[in-house]
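Note that ligands are numbered from 1 as they come in the structure, with each ligand's atoms numbered from 1 the same way. No hydrogens, no waters, no symmetry mates; every other heavy atom, side chains included, goes into these values.
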Amino acid sequence: MKVAVYPGSFDPVTNGHLDIIERSSKVCDKVVVGVLNNSNKTPLFDASERVDMLKDVTSHLPNVEVDSFSGLLVDFAASHGAKVIVKGLRTVADFEYEFQMALLNKTLNQEIETMFMMTNSKYSYISSSMVKELAGFNGDLTGLVPAQIINKIKEKYTG
Ligand code: PNS
């Protein structure tokens, strides 16, 4: 069984993330979405909220699972029997960081390959940080994030 891990902060999940999850679920037997639970950062949503939102927006995909992790990505991937890490690439600006990460992860575990998927062009400008900035100004999030989570994001800013 070809298992892939799709890791990220997902704070919050965007339509760009969901597009990569949907497309990778078509080419892999199973996709495990790995939500980074990083205590060094103060996220807008805690890890369990992010996991719940991802479970909600991927509920139509039977071969997608969602889990959180706090250690090394390669160890998380190995614990799920995944030999592939899927990453999305939006712009050239993403490339350098992702290239370094892929090489580092390869030295940490030679059995695991990083595979890149180009973003759907209609989502190439979307990032979780842009979504948060826009939400902070009460901007319209329609089309940027899955419809089910728009109110959850708004609630974080309206209290
Ligand atoms: O959505 P993000 O914040 O760009 O995702 C970054 C992520 C989670 C893919 C990256 O930070 C990561 O892999 N973190 C786990 C720690 C790790 O394995 N780092 C690489 C070796 S130091």
Q) Any protein heavy atom sitting closer than 4.0 Å to atom 3 (O) of ligand 1? A) yes

**Q.** Residue, atom name and distance, where the atom is the protein heavy atom closest to atom 1 (O) of ligand 1
**A.** S9 N, 2.9 Å

Q: Tell me which protein heavy atom sits closest to atom 5 (O) of ligand 1, plus the residue, atom name and distance to 0.1 Å.
A: G8 CA, 3.4 Å

**Q.** N-O pairing of K106 and E113 below 4.0 Å
**A.** yes

**Q.** Member of L54, D52, D67, D11 meeting the side chain to side chain contact (heavy atoms under 4.5 Å, CB included) criterion with V35
**A.** L54

Q: Please write down residue, atom name and distance for the protein heavy atom closest to atom 16 (C) of ligand 1.
A: G71 O, 3.6 Å

Q) Considering only protein heavy atoms, which is closest to atom 18 (O) of ligand 1, and at what distance to one decimal place? A) L73 N, 2.8 Å

Q. Can you tell which of M101, K87, E98 gets a heavy atom nearest to atom 9 (C) of ligand 1?
A. K87

Q. Which residue holds the protein heavy atom closest to atom 21 (C) of ligand 1, what is that atom called, and what is the gap in Å?
A. L104 CD2, 3.6 Å

Q.
Please list the nearest protein heavy atom to atom 6 (C) of ligand 1 with its residue and the distance rounded to 0.1 Å.
A. Y97 OH, 4.4 Å

Q: Measure the shortest side-chain to side-chain distance between L144 and Y125 over non-hydrogen atoms and say whether it is less than 4.5 angstrom.
A: yes

Q: Answer yes or no: is there a donor N or O on one side and an acceptor on the other, between the side chain of T14 and the main chain of G16, under 3.5 Å?
A: yes

Q) Which atoms from ligand 1 have a heavy atom of F69 less than 4.0 Å away? A) 15 (C)

Q.
When you compare the side chains of D140 and T142, does any donor N or O come within less than 3.5 Å of an acceptor on the partner?
A. yes

Q | Worked check of side chain to side chain contact (heavy atoms under 4.5 Å, CB included) between V13 and R50 | A | CA-CA 8 Å; V13 58; R50 285 177 275 145; over 6 Å; no

Q.
Tell me the nearest of D11, L36, V5 to atom 8 (C) of ligand 1, using heavy-atom distances.
A. L36

**Q.** Smallest separation among heavy atoms of I153 and A135, with atom names
**A.** CG2-CB, 3.7 Å

